[in-house]
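Inspection log for the structure reproduced underneath, given as structure tokens.
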Amino acid sequence: MSNITAVRGFKDILPEESGKWQHVEKIARQVFANYGIHEIKIPLLEKTELFKRGIGETTDIVEKEMYTFLDRGDEYLTLRPEATASVIRAYLEHNMYKVDPITKLFTIGPMFRRERPQKGRFRQFHQINVEFIGQKDPRVDSELIFMLAHFLSTTGLTNLKLEINSLGCPECRPSFRENIKNFLNDREGRLCPDCKRRLETNPLRIFDCKNDSCQESIAEAPSILEYICSDCGDHFESVKRYLELLGVEYTINTRMVRGLDYYTQTAFEIITESLGSQNAIAGGGRYDGLTRILGGPDIPGIGFAIGLERLISLVPGRDEDFIQFPHLFIAALGQKAQEFSFPLCNALRKAGIRTEMDFSDRSLKSQMKRSDKLNCLNTLIIGEREIDEGKAPLRNMATKEQNSIDIQSIEGIIQTLINLKQ
RNA sequence: GUGGGUGUAGCUCAGCUGGUUAGAGUGCCGGGUUGUGGCCUCGGAGGUCGGGGGUUCAAGUCCCCUCACUCACCCCA
């Protein structure tokens with residue numbers, strides 16, 4: 001019988017990697033707290049309708065990437081492909097806007113998209129999401145981006161690039177879309193097959209194509225920024241001004257389009273050179289129409305998602321730099337010492353001292369080897385002789401210094417080791 | 001969904017044009033005298049050569065199918 005393996009595109013995060021994950025999540029919680037953002041935990045499973053309406057029926061995510069199933073012949077459910085729709089659903093469902101018109105939320109967890117796996121892209125992947133709901137002020141856009149940059153640099157990332165754009169609003173986007181379509185219709189012969197198809201489905205996507213001929217065709221194309229209405233234009237100008245005020249460097253990428261239909265006005269991405277073709281480590285934008293689409297009142301919002309796998313792969317430092325080594329290894333020699341050490345070991349742990357020991361009663365040499373392998377800071381050697389004398393050598397594994405410590409009482413040993421820790 | 005690459009010990013890989021009991025490094029376990037780790041040294045365990053079929057006296061090595069992983073397209077975090 002063959003072995004059962006993990007599902008394609010679903011990854012185990014192994015113990016040696018988890019230190020880095022915890023480190024990054026800890027920084028996230030600390031940074032977010034400074035900006036008054038509170039954690040919300042939302043379900044992994046939602047009614048399919050939520051994503052169809054929220055993300056958009058014709059997006060790639062909804063058309064071909066969702067894990068959807070019929071629940072006991074009753075209703076269609078979907079493993080969430082992104083978090084914003086769920087956060088807004090919860091926000092509306094609990095009437096949070098009535099308690100406080102300004103809400104800042106974050107959530108951390110897995111997302112599911114059935115794409116072909118490749119470098120930096122998995123079918124189950126993790127995101128950190130932040131949503132600022134209830135404010136339209138361009139300063140909100142700018143401080144959200146400022147905070148994202150703050151967070152990423154705190155994790156140690158460098159050489160990141162911020163790109164921003166404005167996608168306009170339901171008032172002004174359609175006219176731009178028509179214009180691009182007309183512009184490209186004349187040049188259809190030079191477009192790649194994919195882009196010919198996009199001409200009908202989503203002409204804005206042609207901006208993203210990497211094909212040289214398509215890029216040439218579109219080089220002269222009008223920019224969306226020439227078409228957005230004055231409200232959107234003013235908003236974008238203010239966002240840029242406030243970014244400058246906050247000292248955030250950016251470049252304008254008029255070709256950036258986003259894959260989810262709910263975005264309006266400000267859109268942004270953080271990209272890196274060092275990740276291969278999946279180069280976006282974070283992305284987001286404003287979604288002022290989303291609450292209405294989901295059946296609520298008209299409430300503006302803006303947010304972003306960070307790809308945790310991508311982020312963590314760029315965090316400097318080796319995996320082992322993020323794990324906590326034991327303070328102490330107890331090498332117990334012989335029956336009597338083992339009997340003495342077992343309760344001692346667990347009393348030390350209870351007192352906050354990371355302690356390890358070995359039950360196999362092996363030679364001191366192999367117990368020392370194990371202490372070394374576990375990277376224990378100190379080793380306490382206890383044999384019959386030590387128990388009789390009430391004193392035992394405590395070896396500092398780095399300096400090789402050995403000091404005799406009192407082992408008359410467990411309380412005494414705990415106190416000695418706590419003092420040593422400081 | 002479409003292409004390319006790769007699948008040999010826990011891990012990283014070697015195995016020339018098919019030829020006797022499949023190798024190395026690393027990791028693991030144990031020794032190198034009586035109670036002290038890292039270095040060195042000796043020994044040991046560990047592989048249905050991804051799976052299935054075929055060609056052949058003989059296949060890890062050639063052919064076909066299949067699966068998995070991986071990179072790219074696509075899309076996005």
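Order of the sequence lines fixes the chain letters, A, B, ..., with proteins taken first and strands second; residue numbering starts at 1 for each chain. All values below come from the heavy atoms of this structure, side chains included, with hydrogens, waters and symmetry mates left out.
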| For A:Gln338, does its backbone N or O pair with a side-chain atom of A:Ser341 as donor and acceptor, under 3.5 Å? | no
| message | Any salt bridge linking A:Glu143 with A:Arg139? Criterion: basic side-chain nitrogen under 4.0 Å from a carboxylate oxygen. | response | no
| message | Quick one, A:Leu374 with A:Met397, criterion side chain to side chain contact (heavy atoms under 4.5 Å, CB included). Give me CA distance, side-chain angles, the key distance, then yes/no. | response | CA-CA 11 Å; A:Leu374 295 175; A:Met397 296 299 278; over 6 Å; no
| request: Measure the CD1-CD distance between A:Ile381 and A:Glu386 for me, rounded to the nearest 0.5 Å. | output: 7.5 Å
| field | Side chain A:Arg121 and base B:rC74 donor-acceptor under 3.5 Å | value | yes
| B:rC11 and B:rU48, which share atom name P, separated by this distance in whole Å | 13 Å
| said: Students often get this wrong, so: under 4.0 angstrom with heavy atoms, is A:Leu333 touching a base, only sugar-phosphate, or nothing? | reply: base
| said: Quick check against the 3.5 Å criterion: does A:Gln124 have a side-chain atom that pairs as donor or acceptor with the backbone of A:Lys11? | reply: no
| field | A:Ser371 side chain vs A:Thr379 backbone, donor-acceptor pair below 3.5 Å | value | no
| query | Taking the nucleotide of RNA chain B with the closest heavy atom to each, which residue, A:Ala280 or A:Arg114, is nearer the 5' end? | reply | A:Arg114
Nucleotide N/O of nucleotides 43-50 of chain B paired with protein N/O under 3.5 Å:
none

| query | So, A:Arg113 and A:Asp60, do they make that salt bridge, N to O below 4.0 Å? | reply | no
| request: May I ask you to say what A:Phe329 touches in the nucleic acid, namely base, sugar-phosphate or nothing, with a heavy-atom cut-off under 4.0 Å? | output: nothing
| task | Starting from P on B:rG38, measure out to CZ on A:Phe325 and report it in whole angstrom. | result | 17 Å
| Euclidean distance, atom CD of residue A:Gln278 to atom C1' of B:rC71 [Å, nearest integer] | 11 Å
| Salt bridge flag under 4.0 Å for residues A:Glu356 and A:Arg370 | no
| message | What's A:Gly284 touching, base or sugar-phosphate or nothing? Going by heavy atoms closer than 4.0 Å. | response | nothing
| Which nucleotide in B:rU36, B:rC76, B:rG37 has an atom nearest any side-chain atom of A:Lys369 | B:rG37
| What interatomic distance, in whole Å, is found between P of B:rU8 and the corresponding atom of B:rA14? | 10 Å
| query | Within the side chain of A:Gln22, is there an N or O that forms a donor-acceptor pair under 3.5 Å with the backbone of A:Gly19? | reply | no
| query | So, does A:Thr48 use its side chain to make a donor-acceptor pair with the main chain of A:Tyr76 at under 3.5 Å? | reply | yes
| query | The side chain of A:Arg362 lies closest to which of these nucleotides: B:rC75, B:rG37, B:rG30? | reply | B:rG30
| Does a side-chain N or O from A:Gln118 land closer than 4.0 Å to OP1 or OP2 of B:rC71, or not? | no
| said: Would you measure the distance from the P atom in B:rC16 across to the matching atom in B:rG50 and give it in whole Å? | reply: 14 Å
| field | Selection from B:rC75, B:rA72, B:rA77 that lies nearest to any side-chain heavy atom of A:Arg116 | value | B:rA72
| request: Mind calculating the distance between CD (A:Glu269) and P (B:rA77) to the nearest angstrom? | output: 7 Å
| query | Expressed in whole Å, how much space separates the C1' atoms belonging to B:rU33 and B:rG47? | reply | 36 Å
Would you tabulate the pairs of protein nitrogen or oxygen atoms and nucleotide nitrogen or oxygen atoms of nucleotides 25-28 of chain B closer than 3.5 angstrom?
| residue | atom | partner | partner atom | Å |
| --- | --- | --- | --- | --- |
| B:rC28 | OP1 | A:Lys373 | NZ | 3.3 |

| message | Could you tell me how far B:rG31 sits from B:rU36 if I compare only their P atoms? Round to whole Å. | response | 12 Å
| Which whole-number value in Å describes the distance from A:Ile108 CD1 to B:rA77 P? | 17 Å
| remark: Testing B:rA77, B:rC75, B:rG32 for proximity to the side chain of A:Glu65, the answer is B:rC75
| field | 5'-most by nearest nucleotide on RNA chain B - A:Tyr263 or A:Gln402 | value | A:Gln402
| query | Taking the side chain from A:Arg310 and the backbone from A:Gly120, do they hold a donor-acceptor pair closer than 3.5 Å? | reply | yes
| field | Positions of residues 8-26 of chain A (non-hydrogen atom under 4.0 Å from RNA chain B), listed by number | value | A:Arg8, A:Lys11
| task | Could you work out the separation of B:rU66 and B:rU6 based on their C1' atoms and round it to a whole Å? | result | 16 Å
| said: Quick check for you: among B:rA72, B:rA77, B:rG37, whose closest atom lies nearest to any side-chain atom of A:Asp372? | reply: B:rG37
| request: Round to the nearest Å and state the distance from A:Phe268 atom CZ to B:rA77 atom P. | output: 11 Å
| field | Those residues of residues 379-400 of chain A lying under 4.0 Å from RNA chain B by at least one heavy atom | value | A:Ile381, A:Arg385, A:Glu386, A:Arg395, A:Met397, A:Lys400
| message | As a test of understanding, state which of A:Ile407, A:Leu420, A:Ile413 forms a side-chain contact (heavy atoms from CB on, under 4.5 Å) with A:Leu394. | response | A:Leu420
| Mind checking the C1' distance from B:rG46 to B:rA22? Whole angstroms is fine. | 14 Å
| query | Once you round it to whole Å, what is the distance between P of B:rA77 and CG of A:Asp60? | reply | 12 Å
| remark: Rounding to 0.5 Å, atoms CZ (A:Phe106) and CZ (A:Phe304) come to a distance of 11.0 Å
| remark: Residue set satisfying side-chain hydrogen bond (donor to acceptor under 3.5 Å, both in side chains) with A:Ser86, at least two apart, ordered chain then number -> A:Glu46
| Between C1' of B:rA77 and CD1 of A:Ile55, the distance in whole Å | 13 Å
| message | Expected output check: what is the dot-bracket annotation of RNA chain B, where ( ) and [ ] are pairs inside the strand (brackets for crossing ones), | is paired with another strand, and pairs are Watson-Crick or G-U under 3.5 Å? | response | (((((((..((((.....[...)))).(((((.......))))).....(((((..]....))))))))))))....
| message | Show, in sequence, the C-alpha distance, side-chain angles and deciding distance for A:Val130 and A:Phe151, and conclude whether the side chain to side chain contact (heavy atoms under 4.5 Å, CB included) test is met. | response | CA-CA 12 Å; A:Val130 176; A:Phe151 166 66; over 6 Å; no
| note | So CG of A:Asp321 and CZ of A:Arg318: to nearest 0.5 Å the spacing works out to 4.5 Å
| Short question: side chain of A:Lys20, backbone of A:Gly317 - any donor-acceptor pair under 3.5 Å? | yes
| Going by modelled atom types, is there a donor-acceptor pair between the base of B:rU36 and the side chain of A:Gln367 at under 3.5 Å? | no
| task | Considering just the side-chain nitrogens and oxygens of A:Lys365, establish if one lies under 4.0 Å of OP1 or OP2 belonging to B:rG37. | result | yes
| query | If every non-hydrogen atom of A:Ile410 is compared with every non-hydrogen atom of A:Pro343, which pair is closest and at what distance? | reply | CD1-C, 4.5 Å
| query | Relative to each other, are the rings of A:Tyr67 and A:Phe112 parallel, tilted or perpendicular (30° and 60° limits)? | reply | perpendicular
| query | Using the P atom in both, what is the distance from B:rG7 to B:rC62, to the nearest Å? | reply | 11 Å
| request: Please state how far atom CG in A:Asn279 lies from atom C1' in B:rC73, giving the value in whole angstrom units. | output: 15 Å
